[in-house]
Colleague: 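Quick one: structure below, then a few questions.
Keep in mind that this is a model prediction, so the values were computed, not measured. Below, each value reflects all heavy atoms present in this structure, side chains not excepted, and no hydrogens, waters or symmetry copies. Counting from 1, the numbers follow the sequence of the chain as shown.
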Amino acid sequence: QQQRPWRVRLIDLARVLEALRSEFELAADAAVPTARLGEDLGLDSIDAVALVTRLEQETGLLLKEERLLGLRTVQDVADVVFELQGQQRA
């Protein structure tokens, strides 16, 4: 059974949120889709490497750190994961 795109997007967003919350010990109400990675969550480039590593382990995807460096919000990260999973499925 093929999952609907919106459901896959929600699963990807949930993965990113969980990775952020557990990796950086963020409160549930802090790690939300609209949260800005640097300004709101206080993540820096070293944290970005940790997030990339965590998401690669959980998804099996190869995430290029350079691509994630330009992302600003939690939703941006989830969108990249969704896009890469779509390329992998194609």
Colleague: If you measure from CG on Leu51 to CG on Leu20, what distance do you get to the nearest 0.5 Å?
Modeller: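 It comes to 5.0 Å.
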
Colleague: Taking atom CD of Glu25 as the centre, report whether more than 12 heavy atoms of other residues, nucleotides or ligands fall under 6.0 Å from it.
Modeller: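 No - once you tally the heavy atoms of other residues, nucleotides and ligands closer than 6.0 Å, there are 12 at most.
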
Colleague: Closest approach of Asp47 and Leu43, non-hydrogen atoms and distance?
Modeller: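 Taking every non-hydrogen atom into account, OD2-CA, 3.3 Å.
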
Colleague: Considering the options Leu71, Thr73, Val77, which one meets the side chain to side chain contact (heavy atoms under 4.5 Å, CB included) requirement together with Gln75?
Modeller: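 For Gln75, the side chain to side chain contact (heavy atoms under 4.5 Å, CB included) check succeeds only for Thr73.
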
Colleague: Using the test salt bridge (charged side-chain N to carboxylate O under 4.0 Å, His left out), find all partners of Glu56 that sit at least two apart in sequence or belong to another chain.
Modeller: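 Salt bridge (charged side-chain N to carboxylate O under 4.0 Å, His left out) check on Glu56 returns nothing, list empty.
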
Colleague: Any heavy-atom pair between the side chains of Phe24 and Leu41 that's under 4.5 Å?
Modeller: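 They are not in side-chain contact.
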
Colleague: Check whether any side-chain heavy atom of Leu13 lies under 4.5 Å from a side-chain heavy atom of Val74, and answer yes or no.
Modeller: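 When only atoms from C-beta onward are counted, Val74 and Leu13 do touch, with a gap below 4.5 Å.
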
Colleague: Please set out all donor-acceptor pairs under 3.5 angstrom arising from side-chain atoms of residues 29-37, sequence neighbours excluded.
Modeller:
residue	atom	partner	partner atom	Å
Arg36	NE	Asp40	OD1	3.4
Arg36	NE	Asp40	OD2	3.1
Arg36	NH2	Asp40	OD1	2.8

Colleague: Tell me every residue that passes salt bridge (charged side-chain N to carboxylate O under 4.0 Å, His left out) with Arg54, counting only those two or more places apart in sequence or in another chain.
Modeller: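 Arg54: salt bridge (charged side-chain N to carboxylate O under 4.0 Å, His left out) contacts with Glu23, Glu58.
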
